[in-house]
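See below for the structure under consideration.
Starting from 1, each residue takes its place in the sequence as its number.
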Amino acid sequence: MAFIGTILKEVLDNSSSKKRIGYFESKLQVKTLKKLLKQAKNTKFGIDNKFSEILNSNNLIESFQKNVPIYNYESMYKAYWVKTIEGASDVTWPGRIKYFALTSGTSEAASKKIPVSKAMIKYIRKVSLIQTMTLSKYNLKPSFFQKSVLMLGGSTKLTKIGKGFEGDLSGILAGNLPAWFKNFYKPGAKISQIKDWNEKLEILAEKAPQWDVAACAGVPSWYQILFKKIIEKNNLNTIHDIWPDFAFFTHGGVSFEPYKSSFEKLLGKKIHYLETYLASEGFFAIQTDESKKMQLVTGNGVFYEFIPFNEDNFDSDGNILQDPVVLDINHVEENIDYALLVSTCAGAWRYIIGDTIRFVDKSDNQIVITGRVKHFISLCGEHLSVENMNSAIRLTGEELGISIYEYTITGLPHDNLFSHKWYLGVDDIDSLDNISIANILDKHLSILNDDYAVERKAALKEVFVDIIPVQWFYDWMKIHNKEGGQNKFPRVLKTNQITEWEKFIHNKRMEK
């Protein structure tokens with residue numbers, strides 16, 4: 001039915017050719033905040049925090065920041081969301097919340113339950129459609145729009161809690177797909193409900209030859225595992241042997257930089273990559289063009305604030321200090337890392353989500369994600385960010401001609417000073433030397449980060465590398481019930497995780 005692809009392509013071409021005002025412009029943030037406050041003014045949170053008075057003030061943003069405190073998950077949960085989860089209506093957002101997204105929990109052992117309102121689901125669909133419209137820029141044949149889209153996420157079979165349901169955000173969204181999209185969506189409703197990751201992998205690898213997939217969306221690490229499984233099970237050389245028209249990979253959740261080299265070894269031809277910033281709290285940014293970074297979506301559903309991520313505003317553990325500097329979008333600067341606060345149409349208010357971002361082009365609000373407020377390491381002033389780590393891992397892999405599929409880092413005492421210890425996950429560890437890789441990794445980090453280079457001559461006395469099978473990372477995720485979906489391994493292991501991780505590694509070696 002080629003006419004279907006022709007019609008879809010024409011719709012996208014016409015939609016994208018129109019000037020879409022209201023998605024990425026800074027001036028729309030005041031309008032967004034006003035709309036959110038009006039909608040929530042009669043909720044318990046709105047009454048407690050004087051939303052009606054804020055709406056009547058001369059300076060909306062200033063009054064909002066003065067009257068509403070900053071929240072993290074623990075404070076928001078104890079004060080309000082516990083009632084929402086119990087089934088109460090009109091707590092932080094109008095009506096009763098039906099869905100709760102479980103976070104990936106890379107910082108803490110327990111997952112958090114983030115409210116997902118009907119308004120948020122509608123907003124996420126809208127942003128997804130905006131990104132879909134950008135496909136018209138690639139001069140694709142009409143036949144492309146008849147093929148399938150594979151979405152690898154959490155189970156759509158949600159768990160009942162009180163009067164609502166909880167599960168992975170990708171599972172919640174897959175269960176609420178628009179009717180027209182279900183004809184293109186793979187793996188389909190039945191397979192999507194499977195919770196056991198290994199069982200789902202086996203079925204996906206078996207069913208793959210029956211599908212004609214042109215685009216995939218999800219977390220890179222899990223797709224890497226899936227593609228390898230499909231290639232192995234079906235005796236292929238590359239994934240393009242089975243899906244010759246596979247052309248787009250939309251990714252998010254973690255930086256694609258450390259994965260790209262090993263990911264492309266599974267392909268038979270070049271494809272297009274588009275990055276998204278979809279978190280449990282909302283859909284914040286999309287990449288609309290391969291020549292650009294992601295653009296912050298400003299026009300509806302989310303109001304953003306930005307805290308400069310420095311020692312004036314955060315302690316060494318990534319906790320916000322008292323009275324931090326908080327900026328709106330009109331006062332941020334390029335090339336500075338900011339911790340992100342969001343107020344959303346799901347009832348999060350001045351909520352710190354834990355990510356750090358950087359504006360690379362303020363003219364159209366292009367951003368990059370630079371890390372997590374808890375996932376950085378600075379034992380002695382080296383200020384090593386996840387962005388630095390990702391780049392160094394990629395450069396090290398390229399220099400050695402190896403694929404480093406996963407990594408994590410810990411900080412340790414060493415001769416009354418400090419050291420870093422890296423765990424690198426690869427497939428073939430027999431031919432690799434820990435010391436040589438440590439020297440190469442250290443070299444790239446010193447080039448990427450001046451503070452790191454200075455401290456390597458002072459208090460940061462040693463860099464250790466432990467090369468382990470990449471499967472051990474996935475085994476760790478499995479025992480913590482974090483396989484598949486939007487889950488990812490923590491890039492920095494903090495104090496409460498280090499002992500357990502090292503015991504796990506020791507036990508794995510004893511099993512060999």
Side-chain angles (χ1 to χ4, degrees), residues 29-30 32-37 39-41 43-55 57 59-85 91-93 101 103 107-108 112-115 117 120 277 279-282 284-285 296 298 301-333 336-359 367 369-376:
Q29 278 285 272
V30 173
T32 296
L33 177 59
K34 183 177 289 187
K35 183 177 180 180
L36 292 171
L37 292 171
Q39 289 176 299
K41 68 180 181 180
T43 63
K44 176 171 174 49
F45 190 93
I47 294 169
D48 289 349
N49 291 277
K50 304 177 182 178
F51 279 12
S52 294
E53 292 182 22
I54 295 171
L55 284 163
S57 63
N59 189 318
L60 190 74
I61 295 176
E62 183 180 300
S63 180
F64 177 65
Q65 293 176 336
K66 180 179 178 181
N67 283 281
V68 182
I70 293 171
Y71 287 88
N72 59 21
Y73 180 79
E74 287 73 23
S75 58
M76 182 64 82
Y77 174 83
K78 289 177 182 177
Y80 295 98
W81 281 351
V82 64
K83 301 179 183 69
T84 301
I85 294 168
V91 181
T92 63
W93 190 252
T103 65
S107 297
E108 293 84 14
K112 304 169 185 175
K113 297 176 175 67
I114 306 297
S117 64
M120 178 57 74
Y277 188 2
S280 298
E281 295 83 2
F284 302 138
L296 208 62
T298 58
V302 181
F303 177 73
Y304 305 97
E305 296 173 87
F306 309 89
I307 304 177
F309 189 55
N310 56 37
E311 290 156 346
D312 294 331
N313 298 314
F314 290 86
D315 66 20
S316 58
D317 292 322
N319 300 307
I320 300 179
L321 299 176
Q322 190 173 1
D323 299 324
V325 173
V326 183
L327 307 173
D328 62 62
I329 199 168
N330 296 305
H331 295 91
V332 296
E333 300 177 26
I336 292 176
D337 284 3
Y338 295 101
L340 192 60
L341 297 179
V342 296
S343 299
T344 76
C345 59
W349 297 101
R350 305 202 75 202
Y351 180 84
I352 182 163
I353 64 172
D355 292 334
T356 59
I357 67 151
R358 181 185 306 148
F359 285 84
I367 65 163
I369 302 171
T370 56
R372 300 275 296 170
V373 296
K374 301 282 187 179
H375 288 195
F376 70 100

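- Inter-residue side-chain proximity for Leu33 and Phe64 is flagged as met; some heavy-atom pair is nearer than 4.5 Å.
- Side-chain contact between Asp312 and Val325 is absent, with no heavy atoms from C-beta onward closer than 4.5 Å.
- Note: Ile369 CD1 to Phe284 CZ = 9.5 Å, rounded to the nearest 0.5 Å.
- Although no hydrogens or angles enter the test, the distance criterion places no donor-acceptor pair under 3.5 Å between the side chain of Arg350 and the main chain of Glu305.
- For the residue pair Thr43 and Thr92, no side-chain donor N or O sits within less than 3.5 Å of a side-chain acceptor on the partner.
- Nearest heavy atoms, Phe45 versus Met76: CE1-CE, 4.2 Å.
- Here the CG-OG distance, from Leu37 to Ser343, works out to 8.0 Å after rounding to the nearest 0.5 Å.
- For the pair Ile367 and Ala285, the tightest heavy-atom approach, listed with the atom from each and the gap, is CD1-CB, 3.9 Å.
- For the 3.5 Å distance criterion, the side chains of Tyr80 and Asp48 qualify, holding a donor opposite an acceptor.
- Aromatic rings from Phe303 and Trp349 are positioned such that their centres are separated by 6.0 Å or more.
- In this structure, the separation between CD1 on Ile336 and CG on Asn310 is 9.0 Å, given to the nearest 0.5 Å.
- Under the rule for a salt bridge (Lys or Arg N to Asp or Glu O under 4.0 Å), the partners of Asp337 that lie at least two apart in sequence or sit in another chain are Arg358.
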Criterion side chain to side chain contact (heavy atoms under 4.5 Å, CB included) on Tyr71 and Leu341, from CA distance to verdict: CA-CA 9 Å; Tyr71 287 88; Leu341 297 179; over 6 Å; no

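- The shortest side-chain heavy-atom distance between Lys34 and Leu55 falls under the 4.5 Å cut-off.
- Taking the ring centroids of Trp81 and Tyr351, they lie under the 6.0 Å cut-off.
- Atoms CD and CD1, on Gln29 and Ile61 in that order, are 7.5 Å from each other to the nearest 0.5 Å.
- Counting heavy atoms from C-beta on, the side chains of Ile357 and Phe306 come closer than 4.5 Å.
- Taken to the nearest 0.5 Å, the NZ atom of Lys50 stands 9.0 Å off from the NZ atom of Lys66.
- For the pair Asn49/Asn67, no side-chain contact is recorded, criterion being any heavy-atom separation below 4.5 Å from C-beta on.
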Trace of the ring-ring contact (aromatic ring centres under 6.0 Å, His included) decision for Tyr304 with Tyr338: CA-CA 11 Å; Tyr304 305 97; Tyr338 295 101; over 10 Å; no

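- In this structure, the ring of Phe376 has its center no less than 6.0 angstrom from the ring center of Phe314.
- Residues satisfying the salt bridge (Lys or Arg N to Asp or Glu O under 4.0 Å) criterion with Lys113, sequence neighbours excluded, are Glu166.
- Put simply, the side chain of Gln65 reaches to within 4.5 Å of the side chain of Val326, judged on heavy atoms.
- Counting heavy atoms from C-beta on, the side chains of Met120 and Thr344 come closer than 4.5 Å.
- Within the 4.5 Å cutoff, the side chain of Ile320 has no heavy atoms near those of the Asn313 side chain.
- Without hydrogens or angle criteria, Trp93 side chain to Ser117 main chain gives no donor-acceptor distance under 3.5 Å.
- Taking OG1 of Thr103 as the reference point, atom NZ of Lys112 lies at 5.5 Å (rounded to 0.5 Å).
- Listed for the Thr32 side chain is no donor-acceptor partner under 3.5 Å among the backbone atoms of Gly301.
- Closest of all the heavy-atom pairs between Ala346 and Pro115 is CB-O, 3.4 Å.
- A donor-acceptor pair shorter than 3.5 Å can be found between the side chains of Tyr277 and Asp355.
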